[in-house]
Amino acid sequence: MPDPTNAEIAALLDELGDLYELDGAIVHRVLAYRNAAKAVRDATTSVAARTRAGTVTEIAGIGKTLEEKLRALVETGEIPAMTKLRAKFPPGLVEMTRLPGLGPKRARKLFDELGIDSVQALATAAQAQRLRGIKGFGPKFEESVLAAIDAGAGDAPRRRTPLHEALATAEPLLTALREHPASEKVELAGSARRWADSVKDLDIIATASDPRALAEGFAELDLLESSSGIGEAGARGRTHNGLSVDLKIVAPAQFGNLLQHFTGSKHHNVALREAAVKRGLHVSEYGILDDATGQTHHCETEQEVYEVLGIPYPEPELRENRGELSPDFQPPELVRLEDLRGDLHSHTVASDGHGTIREMATAAMQRGHEYLAITDHSASHGFGNDVSPAELRKHMAAVRRVSDELDGITLLAGSEVNILPDGSLDYDDELLEQLDWVVASVHTAFGMSGEDMTARIVRAIEHPLVDVLGHPTGRLIEQRAPYAVDMDAVIDAAARTSTFLEINSSPRRRDLSDVHARAAAAAGVKLLVDSDAHRTTTLDTQRWGIATARRAWLRPQDVANTLPLDELLALRRGGR
DNA sequence: GCCGTTTTCGGCCCGACTGTTTTCAGTCG
């Protein structure tokens with residue numbers, strides 16, 4: 001039986017929290033499960049392995065009791081308490097609590113008193129007006145719960161919007177607000193400001209000379225499909241692509257407090273407030289109350305908020321409660337887009353790209369790059385645009401010719417080679433040896449078992465002619481889960497063989513993820529932020545890869561393509 | 001259930017909104 005992944009364990013802990021909540025456990029106990037689930041999800045090593053090794057309680061949020069439950073899970077495949085609770089509460093009950101306005105307490109009451117155990121049963125009872133007989137429930141509740149069910153709440157949660165789509169929606173809104181005569185300061189907050197993989201909605205914080213005029217101007221924007229709640233405090237809107245936007249207009253003296261609060265993350269804010277309480281300070285979105293003086297600090301800027309608390313300012317990308325609030329936090333000098341000197345993964349018309357070698361090279365130069373690897377797909381790509389060995393030889397010659405002809409950029413003749421299901425590559429070594437640069441990636445047979453997939457990828461990493469593992473987990477944000485692969489083993493193999501790991505910058509991928517990239521860097525692996533561009537314009541996707549790198553706490557020295565080409569190549573195994 | 005430069009017991013972020021209440025519990029972000 002394979003070990004459960006961190007994501008699987010986290011999901012179980014979240015479910016256990018839900019079940020204990022229905023069981024009437026005190027809120028802090030439930031919160032402990034939710035915190036533990038987050039800690040597991042963010043853990044940079046295998047929690048199952050750490051459970052076996054007896055070091056799992058070193059993870060903040062996991063104590064003796066949870067260690068016991070994790071041990072049972074790892075050794076027997078189940079947690080006894082969970083089995084018991086699952087038998088006690090039908091799964092429909094947990095679904096009911098996903099309805100707005102219906103939490104665990106009231107769901108439990110409906111289950112106990114009316115036997116309602118599913119969203120369907122709830123709808124039937126509400127229609128028959130049977131809910132109003134229960135103390136604490138009335139006609140309004142019946143009405144709103146039916147409306148919510150009608151609107152599809154309680155179905156699968158709505159897909160979060162990938163960041164690049166969200167920012168493409170947000171940027172014209174921000175511009176329009178900044179151009180409005182009544183606006184003063186306008187900033188994007190929320191997970192979009194933290195450059196998260198995806199967002200639920202957009203939060204915008206503003207100050208204005210005439211708040212109501214700004215709110216009305218916002219509501220009238222053609223960019224919005226509808227709006228509501230227009231007033232001096234702001235307005236709420238919905239864009240044509242279905243994203244909801246909250247505009248909050250605040251007094252200039254509190255702009256910093258509000259921006260900090262609505263930038264989050266929620267976990268960062270909770271931890272921040274806990275830390276503040278220990279210093280006799282109480283943080284809210286409106287200010288910081290000082291117990292000692294009874295005074296409330298209002299902060300015009302976010303920097304002031306952290307200053308008053310005596311906490312070093314963390315960049316928004318770091319605010320996930322992953323160590324940025326620990327007492328020994330030193331703000332890292334995070335890598336920036338302008339630190340990159342080149343790009344080591346790109347495609348041309350030779351495979352499935354849309355630009356010629358020269359077009360891609362010229363576009364890379366225009367972006368200030370000193371080098372670009374041309375890495376078209378290999379022989380078995382399978383989409384009708386593969387490159388046969390004979391074609392590859394010609395292609396290599398063409399890449400080198402263009403490289404010689406252009407001043408100011410060096411092209412590497414490379415390939416993105418398929419990792420076949422058995423871990424072998426689909427060009428033979430004799431051909432690979434002639435390439436300047438080899439990216440190895442999985443493009444087929446995603447459904448393998450974790451054990452097989454891990455062995456497959458580790459074998460490719462161990463191949464002496466492979467320079468970098470491309471999009472290591474295969475995930476597509478909000479679309480496809482990573483393949484079952486033991487990332488500890490992959491990172492270990494990469495560290496052992498001096499193989500680079502890629503942060504593929506395609507905004508649909510951002511793979512490695514922030515958590516895995518951080519683990520890789522901690523293990524001494526060098527990362528590459530690559531565009532995987534398929535046309536000249538998508539060379540710009542490196543901004544998303546850099547966002548992930550920053551969320552992974554990476555500094556320039558962690559990212560190899562911040563180096564001049566000769567220094568980068570010297571880091572390859574054996575300085576090949 | 002976790003955790004400790006107040007504590008191994010007794011705390012555990014903060015505020016707003018809602019509907020059902022006669023002072024508030026539950027829910028949400």
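Below, each value reflects all heavy atoms present in this structure, side chains not excepted, and no hydrogens, waters or symmetry copies. Sequence lines set the chain letters: A, B, ... in the order given, protein chains first and strands last, and positions in each chain run from 1.
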Participant: Using the C1' atom in both, what is the distance from B/dA16 to B/dG11, to the nearest Å?
Facilitator: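 Rounded to whole Å, the distance is 25 Å.
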Participant: B/dG15 P sits how many Å from A/Gln254 CD, rounded?
Facilitator: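 Between P of B/dG15 and CD of A/Gln254: 12 Å.
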Participant: For the CZ atom of A/Arg480 and the CG atom of A/Asp511, what is their distance to the nearest 0.5 Å?
Facilitator: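 Answer for the CZ-CG pair, A/Arg480 versus A/Asp511, is 9.0 Å.
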Participant: Do any N or O atoms from the side chain of A/Arg273 and from the backbone of A/His282 form a donor-acceptor pair under 3.5 angstrom?
Facilitator: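 Side chain of A/Arg273 to backbone of A/His282: no pair is present.
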Participant: Under 4.0 Å: is that the gap between some side-chain N or O of A/His28 and OP1 or OP2 of B/dG1?
Facilitator: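 So the side-chain polar atoms of A/His28 never come under 4.0 Å of the phosphate oxygens OP1 or OP2 of B/dG1.
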Participant: Heavy atoms from C-beta onward define the side chain here; which of B/dC2, B/dG15, B/dC28 lies closest to that of A/Pro100?
Facilitator: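 So the side chain of A/Pro100 is nearest to B/dC28.
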Participant: Taking only residues at least two apart or on different chains, which pairs with a member in residues 231-258 of chain A satisfy side-chain hydrogen bond (donor to acceptor under 3.5 Å, both in side chains)?
Facilitator: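 Listed once each, the pairs are A/Thr169-A/Asn241, A/Arg236-A/Asp246, A/Thr239-A/Asn241, A/Asp246-A/Lys248, A/Gln254-A/His298.
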Participant: In whole angstrom, give the distance that lies between atom CD of A/Gln260 and atom P of B/dC14.
Facilitator: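 Those two atoms, CD and P, are 13 Å apart.
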Participant: Report yes if a side-chain nitrogen or oxygen of A/Arg273 is closer than 4.0 Å to either non-bridging phosphate oxygen (OP1 or OP2) of B/dC13; otherwise report no.
Facilitator: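 No, outside the criterion.
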Participant: Excluding sequence neighbours, so at least two apart, what forms side chain to side chain donor-acceptor pair (under 3.5 Å) with A/Arg550?
Facilitator: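 A/Glu317.
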Participant: Determine the interatomic distance between P on B/dC2 and the same-named atom on B/dT6; round to the nearest Å.
Facilitator: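 The answer is 23 Å between these two P atoms.
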Participant: If pairing requires Watson-Crick or G-U wobble contacts with both distances under 3.5 Å, which nucleotide is the partner of B/dT8?
Facilitator: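 Its partner is none (no Watson-Crick or G-U wobble pair with both distances under 3.5 Å).
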Participant: Under 4.0 Å, counting only non-hydrogen atoms across every strand here, what does A/Leu31 touch: a base, just sugar-phosphate, or nothing?
Facilitator: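 No contact.
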Participant: Show every ring-ring contact (aromatic ring centres under 6.0 Å, His included) that has at least one partner inside residues 5-53 of chain A, sequence neighbours left out.
Facilitator: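 For residues 5-53 of chain A, and leaving out neighbouring residues, the ring-ring contact (aromatic ring centres under 6.0 Å, His included) pairs sorted by first residue read A/Tyr20-A/Tyr33.
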Participant: Could you tell me how far apart A/Leu16 (CG) and B/dG1 (P) are, to the nearest whole angstrom?
Facilitator: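 To the nearest whole Å, that distance equals 9 Å.
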Participant: Which part of the nucleic acid, if any, lies within reach of A/Val283 when heavy atoms closer than 4.0 Å are counted: base, sugar-phosphate only, or nothing?
Facilitator: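 Sugar-phosphate, no base atom in range.
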Participant: Taking the same atom, C1', in B/dG29 and in B/dC13, what whole-Å distance lies between them?
Facilitator: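 B/dG29 and B/dC13 have their C1' atoms separated by 12 Å.
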Participant: Both A/Ile62 and A/Thr97 contact DNA chain B. Taking the nearest nucleotide for each, which residue is further toward the 5' end?
Facilitator: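 In this pair, the answer is A/Ile62.
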Participant: Could A/Asp558 and A/Arg555 be called an ion pair, given the rule that one side-chain N must be under 4.0 Å from one carboxylate O?
Facilitator: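 Looking at A/Arg555 together with A/Asp558, the answer is yes, because their closest N to O distance falls below 4.0 Å.
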Participant: Are OP1 or OP2 of B/dG1 and a side-chain N or O of A/Lys69 less than 4.0 angstrom apart?
Facilitator: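 Looking at the OP1 and OP2 atoms of B/dG1, one of them is under 4.0 Å from a side-chain N or O of A/Lys69.
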Participant: Please encode protein proximity along nucleotides 16-21 of chain B as a string of B, S and -, counting only heavy-atom distances under 4.0 Å.
Facilitator: S--SSS
Participant: Under 4.0 Å, heavy atoms only, any strand: does A/Lys109 hit a base, just the sugar-phosphate, or nothing?
Facilitator: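 Answer is nothing: A/Lys109 stays at 4.0 Å or more from every strand.
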Participant: What interatomic distance, in whole Å, is found between C1' of B/dT18 and the corresponding atom of B/dT23?
Facilitator: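 B/dT23 and B/dT18 have their C1' atoms separated by 15 Å.
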Participant: Mind checking the P distance from B/dG26 to B/dT22? Whole angstroms is fine.
Facilitator: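 Rounded to whole Å, the distance is 14 Å.
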Participant: Between A/Asn257 (CG) and B/dG15 (C1'), how many Å, whole number?
Facilitator: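 So the CG-C1' distance, A/Asn257 to B/dG15, works out to 14 Å.
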Participant: Specify the separation, in whole Å, of atom CG of A/Asp23 and atom P of B/dG1.
Facilitator: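 Those two atoms, CG and P, are 11 Å apart.
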Participant: Distance check needed: B/dC2 C1' versus A/Glu68 CD, whole Å only.
Facilitator: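 So the two atoms are 14 Å apart, to the nearest Å.
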Participant: With a cut-off of 3.5 Å and sequence neighbours excluded, list every side-chain donor-acceptor pair involving residues 219-231 of chain A.
Facilitator:
none

Participant: Nearest to the side chain of A/Glu274, heavy atoms from C-beta on, is which of B/dG1, B/dC13, B/dT27?
Facilitator: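 From the listed options, B/dC13 comes nearest.
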Participant: Quickly work out the A/Ile288 CD1 to B/dC13 C1' distance and round it to whole Å.
Facilitator: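 A/Ile288 atom CD1 is separated from B/dC13 atom C1' by 13 Å.
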Participant: Within the 4.0 Å heavy-atom criterion, would you say A/His261 contacts the bases, only the backbone, or no part of the nucleic acid?
Facilitator: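 No contact.
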Participant: Expressed as a whole number of angstroms, how long is the span from A/Leu66:CG to B/dG1:P?
Facilitator: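 Going from A/Leu66 (CG) to B/dG1 (P), I get 7 Å.
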Participant: Compare the minimum distances between each of B/dG26, B/dC14, B/dC3 and the side chain of A/Ala60, then state the nucleotide with the smallest one.
Facilitator: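 Per side-chain heavy atoms of A/Ala60, the pick is B/dC3.
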Participant: Rounding to an integer number of angstrom, what distance separates B/dC3 and B/dT8 when you compare their C1' atoms?
Facilitator: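 Per the computed distance, 9 Å lies between those C1' atoms.
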Participant: What is the ring orientation for A/Tyr306 with A/His268, classed by angle as parallel under 30°, tilted 30 to 60°, or perpendicular over 60°?
Facilitator: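 Geometry flag for A/His268 against A/Tyr306: tilted rings.
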Participant: With sequence neighbours left out, which residue pairs that include part of residues 77-92 of chain A fulfil the side-chain hydrogen bond (donor to acceptor under 3.5 Å, both in side chains) condition?
Facilitator: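 Sorted pair list: A/Glu15-A/Arg86, A/Asp23-A/Lys88, A/Glu78-A/Thr83.
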Participant: For a quick check of understanding: with a heavy-atom distance under 4.0 Å over all strands, which category does A/Ile26 fall into, base, sugar-phosphate or nothing?
Facilitator: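 Base, at least one base heavy atom under 4.0 Å.
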Participant: Nearest to the side chain of A/Lys105, which nucleotide is it out of B/dT27, B/dG1, B/dC12?
Facilitator: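 Among the listed nucleotides, the one closest to the side chain of A/Lys105 is B/dT27.
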Participant: Rounding to an integer number of angstrom, what distance separates B/dC14 and B/dT20 when you compare their P atoms?
Facilitator: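 Comparing P positions in B/dC14 and B/dT20 gives a spacing of 30 Å.
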Participant: Scan A/Val277 against the nucleic acid and name what it touches under 4.0 Å (heavy atoms): base, sugar-phosphate only, or nothing.
Facilitator: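 The residue A/Val277 makes sugar-phosphate contact but no base contact.
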